[in-house]
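So the structure is just underneath, and the comments pick up after that.
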Number of protein chains: 2
Amino acid sequence: MAASTLTEVARLAGVSPATASRVLNGSARKPGKDIAERVRQAADSLGYIPNAQAQGLAKSSSGLIGLIVHDIADPYFAAIARGVQEAAREQRKMVLLATTGGGPAEEKEAVAAFAARRADSIVIAGSRSCRSEDQDGNAELAAELDRYCRNGGQVAVVGHPVVGATVQEGYHVVRVPNQELAGQLATELAAGWDGGFVIVAGPEGLLTSDDRVRGFQEGLERAGRGQAEVIRTAFNRSGGYEAGLQLAERIKAAQSSATAGGKLCIFAVNDVMAIGAAAALRAEGLRIPRDAAIAGFDDIETLRDFRPALSTVRLPLEDIGRFATRATGPQPNGEDTDHVHPGDVTGEVTLRRSTEVAA
Amino acid sequence: MAASTLTEVARLAGVSPATASRVLNGSARKPGKDIAERVRQAADSLGYIPNAQAQGLAKSSSGLIGLIVHDIADPYFAAIARGVQEAAREQRKMVLLATTGGGPAEEKEAVAAFAARRADSIVIAGSRSCRSEDQDGNAELAAELDRYCRNGGQVAVVGHPVVGATVQEGYHVVRVPNQELAGQLATELAAGWDGGFVIVAGPEGLLTSDDRVRGFQEGLERAGRGQAEVIRTAFNRSGGYEAGLQLAERIKAAQSSATAGGKLCIFAVNDVMAIGAAAALRAEGLRIPRDAAIAGFDDIETLRDFRPALSTVRLPLEDIGRFATRATGPQPNGEDTDHVHPGDVTGEVTLRRSTEVAA
DNA sequence: CTGTTAGCGCTTTCAA
DNA sequence: TTGAAAGCGCTAACAG
């Protein structure tokens, strides 16, 4: 009743398990054609499926790639996951998924679980945090990762290195030029906007958010504008919504007062927050871009049909996942390929309706 | 350098591996407190992480749940995946992800891969197809699943049973009342709409799509309306977009002709298609609901901020994933709980702006 | 309660 | 080229 084993196949074919193994799985040595055929027949007459656990045990490698995300239902992570999945398929590996909600403690657990499963590599997506409350967690995570690498594991992190992680072999970082791109966005926005700016950001210490804020401020400065006010809130839709509510008040107040001069351009540090903010403004009876302009970051695919179309920075999310995964995989076998960066992440400022000045 | 083993821990603690195993992993028997402490200390002084592969081999079970989706970046699947992930965590298992693009052949491969890894259970999301081209694939998939179940695997399918699968122990189906709900949607829509209806559907043979079409037609009939025309296209955004382009032509023609009487209400069999169709109409200069009404199905979370708000049928996607996963898990240990359905999937018609008749 | 002894299914030297 | 044997790390009978 139980799945049949290599030994059974071997017996049926009248050969040793060793030979059967050599035939059925890729071995350096090639058994005789006749024998090979017999084994293969026996194998599929028994419906033989190799036991990956046993193989893994014997070879001490599992063909598994661990992926850590905050939330797989978040389109940002889902897009990255797709890329990871594709790259995994290229390497003929399977992906193990862990959802952590973003806490380093859970991430550490996920790494340990992956290590236990002897995952060949681990991809960590999702912003790092350097808040003091996360300090211990980060340290533990770093330690766990360290150990994993020391035992031969490969890890790739999207965005920033894990805070406190020792640089070492097997540890890759796929850098995302959040700061530069946010700067560009600010520059381009400033060129067509003479009102004020306000930034809707995630909690201080969230590295991705901080980078984008910093970059945006720099861009503003380069454009000869003053620093924008920063509103800190949750790094998700509802955070954006709350901030939007606040801003709506303010905008309406400004409109009714005689001061009504410069309109506000809101930069939310990611698309999902931007959508939340936009929803709040709309709920308060404001229109975009008539009453306020708004821009996001990421260019989430599912959100592209949103109207007014959201100005944002396109990030090649799927590629990011792919690159990260490839970085942990076997070295490409091409010759000149090893000093070519396997993938430099670049983004693109994409201005759309949501930040157009009224005609 | 390599991860340390149970044997090493045991040696350091001065006990037998068996004892070490008993204290470190949940065994029925409890070793003495003093000994237990020694072992535990040894374990974390060595940074011991149990080798799940070895455990799996020995216990012949892996703590893995395989999840099969068409595309993890599709918000529909991402939402289900989140539910699966949560339920997996409840069962202290990890999820293995396979993305198939929807073909039964790939699905079969995924099942085989899961079987090779000795996944404890498999959850298959994504519409079944009964198109003739998929017939062979379905048969093979069914056979693979069969074998998997016979070897003690648990499988849950979302929506419909795999075409041709023999009903048997360990095979669960989480039914989704697509047809009924589509019927209700049609009824409610018909109550407030006196124009015509047209259905934008996926390819014939896609069971989910077919159910929704059938249900909608029935609802129309019950409301004393004639059958709606069905436009077949791809079961995704671009399918919706194409259909939308066609319809836009038609609508504009009707508007310019004197006939301009009944407006069109478009029912797209899923939200993503609906959004695509809406985008096409908009691109052609039409407005919703002024020039046409439109409704979808699923109530995808990310799409709720879309304007005009999309009328749709809310499906508890996350619960669906959860239920499916739970169905494959250990029986709940409560007493009366076993004749209580672990989860009946129900949906809810949700009418919003996109189908409002102009005031 | 603890230790000993076999495996789980496969790969891989090492001989033949 | 093939087979025999040892072992990957852990669990589970069975003894002690």
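These numbers were taken from a predicted model, which means no experiment stands behind them. Quick note on labels: first sequence line is chain A, next is B, and so on, each numbered from 1.
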Using whole Å, what does the distance between atom [atom2] of nucleotide [N] and atom [atom1] of [X] come to?
X	N	atom1	atom2	answer
A:R38	D:dT2	CZ	C1'	12 Å
B:N51	D:dT11	CG	C1'	13 Å
A:L57	C:dC8	CG	P	13 Å
B:D34	C:dT2	CG	P	7 Å
A:I49	C:dC10	CD1	P	11 Å
A:N151	D:dG9	CG	P	11 Å
B:Q53	C:dC10	CD	P	13 Å
A:R11	D:dG3	CZ	P	14 Å

- Message: Quick check on DNA chain C: between B:V15 and B:S60, whose nearest nucleotide comes earlier from the 5' end?
- Response: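 Closer to the 5' end of DNA chain C: B:V15.
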- Query: Touch check for A:T5, heavy atoms < 4.0 angstrom, all strands: base, sugar-phosphate only, or nothing?
  - Reply: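 A:T5: backbone/sugar contact only, no base atoms under 4.0 Å.
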Report the nucleotide, chosen from [options], that has the shortest atom-to-atom distance to any side-chain atom of [X].
X	options	value
A:A58	D:dG9, D:dA4, C:dG9	C:dG9
A:A18	D:dT11, D:dG3, C:dC10	D:dG3
A:S16	D:dA12, D:dG9, D:dG3	D:dG3
A:A54	D:dT11, C:dT2, C:dG9	C:dG9

- Query: Is B:Q91 atom CD crowded by more than 12 heavy atoms from other residues, nucleotides or ligands, each under 6.0 Å away?
  - Reply: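 Above 12, so yes.
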Indicate whether OP1 or OP2 belonging to [N] is found under 4.0 Å from a side-chain N or O atom of [X].
X	N	result
A:N25	C:dC10	no
A:S21	C:dT11	yes
A:T19	D:dG3	yes

- A:Y148 side chain to A:S121 backbone, donor-acceptor under 3.5 Å: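 Yes; judged by distance alone, with no hydrogens or angles, the pair exists.
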- Query: Do you know which two heavy atoms are closest between A:A119 and A:G66, and how far apart they sit?
  - Reply: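 Heavy atoms of A:A119 and A:G66 come nearest at CB-N, 4.2 Å.
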- Message: How close do A:A81 and A:I72 get, counting heavy atoms only, and between which atoms?
- Response: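 Shortest heavy-atom contact: CB-CD1, 3.8 Å.
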- Steps toward salt bridge (charged side-chain N to carboxylate O under 4.0 Å, His left out) verdict (A:R11, A:E8): CA-CA 5 Å; A:R11 189 163 36 216; A:E8 289 167 5; 5.1 Å; no
- Query: Within the modelled atom types, does a donor on one side and an acceptor on the other bring the side chain of B:R22 and the base of C:dG3 under 3.5 Å apart?
  - Reply: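 When only heavy-atom distances are counted, B:R22 does reach the base of C:dG3 through a donor-acceptor pair under 3.5 Å.
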